[in-house]
Asker: 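My questions will all concern the structure given below.
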Amino acid sequence: MTKLALSDEILLKIQQPARYIGNEVNMVKKDPEGKIRVVFGFPDVYEIGMSHIGMQILCHMLNQREDAYCERVFSPWPDLHQIMKEQKIPLFALETQDPIRDFDFFLITLQYEMAYPNILQMLDLAGIPFRSKDRTDADPIVVGGGPCTYNPEPVADFFDIVYIGEGETVYDQLLDLYKTHRESGAYDRRTFLHEAAKIPGLYVPSLYEVTYHEDGTVASFEPVQNDIPRKIQRQVVSDMRAAVYPDRPVVPYIKITQDRVVLEIQRGCIRGCRFCQAGMIYRPLRERDLQFLKERAAQMLNSTGHEEISLSSLSSSDYTHLEELLNFLIDHFKEKHVNISLPSLRIDNFSLNIMGKVQDIKKSSLTFAPEAGSQRLRDVINKGLTEEDILHGAGLAFDGGWQKVKLYFMLGQPTETVEDMQAIGELAEKIAERYYEIPKDQRNGKCQITVSTSFFVPKPFTPFQWYPMCTKEDFLDRAHVVNGTIKSQLNKKSIKYNWHEADVTIIEGILARGDRRLADVLIRVYEKGGIFAAWSDFYDDSMWQEAFAECGTDVNFYTVRQRGEDEIFPWDFIDAGVTKAFLWKEWQRALRGEVTPNCRERCAGCGAMKYRGGVCYENQD
């Protein structure tokens with residue numbers, strides 16, 4: 001076994017030492033000698049990162065190369081972080097336990113904005129300078145990827161390369177280019193990055209210059225050299241039938257957040273919800289081949305020993321072969337008692353027969369996301385759900401034996417009124433009333449409805465990217481309206497209400513639409529100890545407010561300010577497929593409360609047809 005980077009004495013002191021020892025079931029073992037060494041970093045704790053299917057896909061893909069070895073690293077928990085700082089223990093990869101500085105590439109995924117301070121934690125513990133401009137040829141090439149790269153500017157200074165798009169597309173080109181430069185015997189970091197910037201989808205922040213108007217908005221964004229692109233083209237897997245997928249996922253020794261086999265059945269979404277960034281940036285919807293999914297499901301369940309499989313997508317109900325896939329899984333794994341998890345089902349497509357087959361109704365609850373309480377606001381956000389759909393779906397569930405329902409909403413969305421807020425509690429009451437219409441002797445105990453509200457953050461590449469956010473106080477006032485409405489309902493004892501932290505939402509909003517001037521703020525936050533900010537136990541708002549004040553940052557500039565149609569956004573240099581003209585058109589339709597049909601009903605001309613695949617071409621010969 002590989003010698004561990006941490007001593008037995010340290011491992012006995014810290015929580016969950018299995019986070020750091022590697023050697024899990026199905027871990028890939030290679031001789032690193034002579035190979036391009038890549039480490040995939042997830043800037044959060046092991047249990048969160050190991051639940052991320054994107055990491056499993058990318059590591060599997062890169063490890064298929066004979067000339068490369070891709071390992072993993074996660075953010076050390078605060079207890080180990082302190083020990084590593086005090087004892088000067090460098091951040092290390094799980095597989096070989098080697099220091100990260102020994103690697104050629106350090107890939108860091110950007111899944112959510114509140115993990116940004118943990119990027120700096122990983123760089124700091126690895127002994128890599130925070131800013132790309134301060135690194136030398138001896139440092140790994142630091143690459144960012146993931147959904148937050150659709151506005152990478154707040155963290156742009158920290159990355160040598162930002163990968164815009166889906167990871168299966170151009171990493172091979174990047175590694176081939178690196179291999180050529182290394183084998184030439186005259187490797188130079190700056191020359192390599194200049195050449196890498198010519199590969200489609202790769203953004204090298206140091207080769208672009210931003211200027212600002214006196215009011216703080218972006219005046220220009222230009223490459224500093226003429227032979228690299230002005231626009232970075234998002235890279236897309238047009239045909240998911242040929243896309244790689246792991247057959248032997250790594251199985252941790254400890255329980256992780258998603259402790260099951262995850263099978264991605266499709267990518268993208270047809271629905272066009274105007275608040276949803278994922279629904280825009282992953283267009284067009286592309287389905288995986290049914291036979292491939294059957295084979296891969298069997299391989300993954302057999303190679304892991306897991307007793308649960310989750311069918312992953314943004315809207316599982318829209319997968320055209322869902323019932324056939326489910327029937328296959330039920331028939332083939334009935335004797336092994338494999339549980340099937342179906343997240344992201346739409347309440348209007350609810351199938352009682354399917355759900356009755358795949359869930360133990362005595363143990364599970366059903367989750368629905370109306371997102372808004374009133375029909376008016378659901379039309380504004382283009383949710384495409386009527387109250388009749390919701391009540392009918394909940395009724396089918398209750399008639400089938402369920403009595404627990406979770407409802408998710410967002411507060412602070414465009415045009416929201418007090419009546420819209422109150423409608424959340426009123427809708428929960430109507431659902432409870434539907435349950436109590438069932439004769440008492442046929443119910444499974446009391447109805448349990450959990451209402452959860454998050455606070456709305458406008459995201460890049462959505463129609464709501466022009467919208468001003470609420471203030472912290474305004475968010476809390478809205479939550480109190482909902483709480484008061486729920487407490488006034490007849491069936492209030494059957495309804496529980498939870499709401500998200502407002503101060504965290506404000507920070508997320510700043511980082512979501514921020515620019516390069518926020519890099520100094522993030523460094524200050526990290527230096528104050530602000531790691532694991534996505535965790536309520538560790539989030540400290542005072543650290544952020546102090547950092548903003550010390551850097552002279554006007555928080556309102558990034559949150560409550562109204563954006564105009566012609567403003568240049570920090571992310572406008574990215575071509576994500578959906579055009580800015582389409583997003584503006586959808587913003588205007590939202591303000592008028594007009595619904596846009598989904599992609600299978602009618603093409604809205606968003607721009608994603610340029611990728612020549614998926615739902616855009618389903619009905620063409």
Side-chain angles (χ1 to χ4, degrees), residues 2-7 9-11 13-14 17 19-22 32-33 35-46 49 55 68-110 115-145 155-162 178 182 187-190 192-193 196 204-206 519-520 522-533:
T2 303
K3 179 176 172 58
L4 297 177
L6 301 176
S7 68
E9 181 184 4
I10 292 174
L11 289 171
K13 280 183 181 179
I14 59 177
R19 292 167 174 162
Y20 312 106
I21 61 175
E33 186 66 31
K35 292 182 172 56
I36 303 171
R37 302 200 63 184
V38 182
V39 60
F40 188 109
F42 197 102
D44 208 327
V45 72
Y46 176 92
M55 181 191 70
Y69 188 12
C70 183
E71 304 183 41
R72 297 161 296 139
V73 64
F74 305 91
S75 279
W77 198 241
D79 56 352
L80 180 58
H81 172 90
Q82 183 176 349
I83 292 171
M84 293 177 74
K85 290 287 286 183
E86 290 172 353
Q87 300 189 21
K88 295 182 171 54
I89 299 170
L91 188 67
F92 55 91
L94 292 190
E95 278 75 358
T96 58
Q97 301 278 300
D98 287 341
I100 302 304
R101 273 187 61 87
D102 291 353
F103 286 74
D104 300 296
F105 288 92
F106 187 9
L107 316 182
I108 302 178
T109 186
L110 310 179
Y116 287 174
N118 281 53
I119 296 169
L120 297 172
Q121 177 210 26
M122 297 179 92
L123 293 173
D124 183 27
L125 292 177
I128 300 171
F130 288 154
R131 298 182 192 270
S132 173
K133 65 182 179 63
D134 297 325
R135 296 172 193 149
T136 69
D137 288 354
D139 291 303
I141 300 295
V142 182
V143 184
V155 292
D157 285 357
F158 310 144
F159 289 96
D160 301 309
I161 298 172
V162 177
Y178 181 80
R182 278 295 188 190
Y187 173 77
D188 173 73
R189 183 187 194 86
R190 293 181 184 278
F192 169 73
L193 290 176
V204 179
S206 62
D520 289 336
L522 289 167
I523 291 174
R524 295 286 181 97
V525 169
Y526 171 68
E527 290 171 345
K528 293 174 186 294
I531 56 174
F532 290 99

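If you read the sequence from its start, that first residue is 1, and numbering goes on from there. Side chains included, hydrogens not; waters and symmetry mates left out as well; all remaining heavy atoms used.
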Asker: Got more than 12 heavy atoms from elsewhere within 6.0 Å of CD, E33?
Answerer: no
Asker: Not counting sequence neighbours, which residues clear side chain to side chain contact (heavy atoms under 4.5 Å, CB included) with D124? List them please.
Answerer: K85, F130, Y526
Asker: When you measure from the side chain of R189 to the backbone N and O of A138, does any donor-acceptor pair fall under 3.5 Å?
Answerer: no
Asker: Using a 3.5 Å distance criterion without hydrogens, assess whether the side chain of Q97 forms a donor-acceptor pair with backbone atoms of L4.
Answerer: no
Asker: How about I108 and F158: do any of their side-chain heavy atoms sit closer than 4.5 Å?
Answerer: no
Asker: If you define the side chain from C-beta out and look only at heavy atoms, does anything of Y20 sit under 4.5 Å from I10?
Answerer: no
Asker: If you compare all heavy atoms of P117 against all heavy atoms of G530, which two are closest, and at what distance to 0.1 Å?
Answerer: CB-O, 3.4 Å
Asker: Please answer whether the main-chain N or O of T96 pairs with a side-chain N or O of E71 as donor and acceptor at a distance below 3.5 Å.
Answerer: yes
Asker: Only one of V39, V142, L123 passes side chain to side chain contact (heavy atoms under 4.5 Å, CB included) with I100; say which it is.
Answerer: V39
Asker: How far does CZ of R135 sit from CZ of R190, to the nearest 0.5 angstrom?
Answerer: 12.0 Å
Asker: Can you name the residues that form a side chain to side chain contact (heavy atoms under 4.5 Å, CB included) with E527, not counting sequence neighbours?
Answerer: I523, R524
Asker: Answer yes or no: is there a side-chain heavy-atom contact under 4.5 Å between M55 and T109?
Answerer: no
Asker: Find out whether R182 and I36 are in side-chain contact, i.e. whether some heavy atom of one side chain is under 4.5 Å from a heavy atom of the other.
Answerer: no
Asker: Nearest 0.5 Å, please: how far is CZ in R19 from CG in L11?
Answerer: 12.5 Å
Asker: Could you tell me which non-hydrogen atom of P76 sits nearest to which non-hydrogen atom of L125, and how far apart they are?
Answerer: CG-CD1, 3.7 Å
Asker: Compare all side-chain heavy atoms of V525 with those of Y116 and state whether any distance is below 4.5 angstrom.
Answerer: no
Asker: Between OG of S75 and CG of L120, what distance do you get to the nearest 0.5 Å?
Answerer: 10.5 Å
Asker: Is it the case that the side chain of N118 and the backbone of F532 share a donor-acceptor pair, with hydrogens and angles ignored and the cut-off at 3.5 Å?
Answerer: yes
Asker: Do any pairs count as a ring pair (Phe, Tyr, Trp, His ring centres under 6.0 Å) and have a residue in residues 85-108, sequence neighbours left out, and if so which ones?
Answerer: F105-Y178
Asker: Would you compute the distance between atom CD1 of I89 and atom OG of S7 and round it to the nearest 0.5 angstrom?
Answerer: 6.5 Å
Asker: Start with the C-alpha gap between D160 and D139, add the side-chain angles, then the distance that decides, and say whether side-chain contact (heavy atoms from CB on, under 4.5 Å) holds.
Answerer: CA-CA 11 Å; D160 301 309; D139 291 303; over 6 Å; no
Asker: Once rounded to the nearest 0.5 Å, what's the spacing between atom CG of D79 and atom NZ of K13?
Answerer: 11.0 Å
Asker: Drop me the distance from D188's CG to D137's CG, to the nearest 0.5 angstrom.
Answerer: 5.5 Å
Asker: Measure the shortest side-chain to side-chain distance between I119 and L110 over non-hydrogen atoms and say whether it is less than 4.5 angstrom.
Answerer: yes
Asker: Any side-chain heavy-atom pair from L91 and M122 closer than 4.5 angstrom?
Answerer: yes
Asker: Tell me the closest heavy-atom pair linking F159 and S132, and the distance in Å.
Answerer: O-CB, 3.7 Å
